[in-house]
Amino acid sequence: MPDDGRPGDSATELAFLQALREIKTHYRHFIWESQLWTQVGPHRSPYRSMILFGLSARTRDKLLVETCRRFFLHFPDALSLMEQWPAQRPVTESIVRKGQIAFIESLAANLKVWGGELPKDKTRLLEIVGVGEKIAECVLAYGWGIEALPLDGNGCRLNQRLMGLPDLAKQWDAALIRDTLKETFRKHRRWMDNQEISMVDIHELLRLHSQLICGKGPDCQNCPVTRYLSRRREFLGCDPPEHENLWNDWRELILAPEE
């Protein structure tokens with residue numbers, strides 16, 4: 001049980017806190033966002049974060065990185081997109097998928113209204129076509145360093161398994177899960193601080209573990225989390241899979257270009 005476990009805490013909540021600690025211990029050499037932000041935070045670009053996460057839907061990381069690299073060659077910063085759109089629409093259409101043009105168009109239009117800078121207000125970010133709660137939370141967390149909790153399908157699926165609920169696609173309510181995890185974080189903030197886990201780190205812990213071990217076909221024998229209610233096989237003990245350089249490519253992409 002976590003050190004600050006309280007009589008009113010549910011078994012599921014305590015299991016979740018224990019899972020976070022066990023995952024963080026398992027990937028002890030990985031650099032989480034809160035650690036990385038202390039090193040590169042001043043160099044992060046909210047605009048680039050918006051482009052990266054805005055184009056990420058249903059796209060594998062490798063393809064996303066290549067798409068963003070090509071995009072940033074033409075539009076390295078918010079000012080360049082704002083000034084060159086819509087004249088450079090044909091260039092954009094050669095880079096991004098057809099369904100993503102409306103997102104780029106809306107972003108360019110809003111940048112003109114906002115004076116070329118993305119706001120720190122989630123409500124205003126949601127005005128951009130194609131931007132939902134997850135993307136807005138990503139921009140707040142990765143672009144501005146504001147306390148936020150993005151949550152993707154991996155995190156939702158892992159949460160379902162932790163609670164022993166059916167592992168079926170689209171059975172979960174991402175908004176409800178996000179709000180519940182935020183409340184858990186705030187309720188146990190002192191414990192989180194002791195474990196050096198920020199709110200965005202929760203997303204990264206769930207995403208990394210889902211990506212490497214607890215995917216659609218969970219590798220339970222290599223999963224150190226002890227209290228999963230849907231565990232299929234006993235943990236046999238192992239070293240974590242190779243992960244030290246994972247995500248470096250897209251993390252580098254959201255740094256502002258050097259002047």
Side-chain angles (χ1 to χ4, degrees), residues 27 29-37 39-81 84-85 88-108 111 118 125 128-132 134-145 148 150-155 157 200-201 203-216 240-259:
Y27 303 107
H29 299 304
F30 195 75
I31 299 177
W32 305 103
E33 173 59 18
S34 59
Q35 298 171 278
L36 191 61
W37 182 265
Q39 304 171 28
V40 303
H43 305 290
R44 282 282 179 82
S45 166
Y47 159 76
R48 285 185 167 228
S49 298
M50 174 61 78
I51 293 294
L52 177 83
F53 294 111
L55 299 179
S56 67
R58 296 180 295 280
T59 304
R60 294 185 178 276
D61 283 1
K62 185 176 181 180
L63 177 58
L64 174 63
V65 166
E66 179 58 31
T67 298
C68 288
R69 281 177 178 158
R70 292 177 61 200
F71 189 90
F72 291 142
L73 283 176
H74 297 277
F75 310 104
D77 51 34
L79 184 62
S80 61
L81 178 63
Q84 297 182 54
W85 187 270
Q88 293 298 316
R89 180 183 179 118
V91 172
T92 308
E93 290 176 338
S94 71
I95 299 173
V96 306
R97 299 197 306 264
K98 182 177 180 180
Q100 296 171 328
I101 292 296
F103 159 68
I104 300 298
E105 184 174 41
S106 180
L107 173 58
L111 283 171
L118 284 173
L125 294 177
I128 301 171
V129 173
V131 172
K134 181 209 165 184
I135 295 174
E137 297 263 344
C138 280
V139 173
L140 293 177
Y142 290 93
W144 288 114
L151 191 68
D152 58 12
N154 290 320
R157 181 176 59 242
V200 70
D201 290 339
H203 161 67
E204 294 212 329
L205 287 161
L206 298 181
R207 184 173 188 267
L208 181 69
H209 190 60
S210 296
Q211 186 173 339
L212 296 180
I213 291 180
C214 196
K216 292 183 179 180
E242 178 62 34
H243 62 273
E244 291 186 20
N245 297 317
L246 202 63
W247 303 353
N248 283 359
D249 47 6
W250 66 259
R251 281 172 158 178
E252 291 174 359
L253 275 175
I254 58 178
L255 296 175
E258 295 183 3
E259 297 180 359

Gap between atom CG of Leu212 and atom CG of Leu246 - 0.5 Å precision = 6.0 Å
Rounded to the nearest 0.5 Å, how far does CZ of Arg89 lie from CD1 of Ile104?
-> 10.5 Å
Does any pair with a residue in residues 44-58 pass side chain to side chain donor-acceptor pair (under 3.5 Å), and if so which ones, sequence neighbours excluded?
-> Glu33-Arg44
Between atom NE2 of His209 and atom CG of Asn154, what is the distance when rounded to the nearest 0.5 Å?
-> 11.0 Å
Between atom CH2 of Trp37 and atom NE2 of His43, what is the distance when rounded to the nearest 0.5 Å?
-> 10.5 Å
Heavy atoms, side chains only, cut-off 4.5 Å: are Phe75 and Thr92 in contact?
-> yes
So do the side chains of Lys216 and Arg157 get within less than 4.5 Å of each other, counting heavy atoms only?
-> yes
Judged by atom type as modelled, is there a donor-acceptor pair below 3.5 Å linking the side chain of Glu204 to the main-chain atoms of Trp32?
-> no
Can you name the residues that form a salt bridge (charged side-chain N to carboxylate O under 4.0 Å, His left out) with Asp152, not counting sequence neighbours?
-> Arg207
How long is the span from the CG atom in Leu81 to the CD atom in Glu105, to the nearest 0.5 Å?
-> 10.5 Å
Looking at SG of Cys68 and CG of Leu73, how far apart are the two atoms once the value is rounded to the nearest 0.5 Å?
-> 11.0 Å
How are the rings of Tyr142 and Phe53 set relative to one another: parallel (under 30°), tilted (30 to 60°) or perpendicular (over 60°)?
-> tilted
Polar side-chain atom of Arg70 near backbone of Ser94 as donor-acceptor pair, under 3.5 Å = yes
Heavy-atom neighbours of Ile31 CD1 exceed 12 at 6.0 Å = no
State whether the side chain of Ser210 and the backbone N or O of Leu208 hold a donor-acceptor pair below 3.5 Å, judged by distance alone.
-> no
Any idea how His243 and Phe30 line up, ring-wise: parallel (<30°), tilted (30 to 60°), or perpendicular (>60°)?
-> tilted
Do the side chains of Ile213 and Tyr27 get nearer than 4.5 Å, heavy atoms only?
-> yes
Would you call Leu253 and Ile51 a side-chain contact if the rule is heavy atoms closer than 4.5 Å?
-> no
Under a 4.5 Å cut-off applied to non-hydrogen side-chain atoms, are Asp77 and Ser80 in contact?
-> yes
Do the non-hydrogen side-chain atoms of Ile95 and His74 ever get within less than 4.5 Å of each other?
-> yes
Are side-chain N/O atoms of Arg251 and Asn248 paired as donor and acceptor at under 3.5 Å?
-> no
Can you tell if the side chain of Arg97 reaches within under 4.5 Å of the side chain of Thr59, non-hydrogen atoms only?
-> yes
Hey, could you give me each pair passing salt bridge (charged side-chain N to carboxylate O under 4.0 Å, His left out) that has a residue in residues 135-144? Not counting sequence neighbours.
-> Lys122-Glu137, Glu137-Lys182
Taking the side chain as every heavy atom from C-beta outward, state whether Met50 and Leu125 have any atom pair closer than 4.5 Å.
-> yes
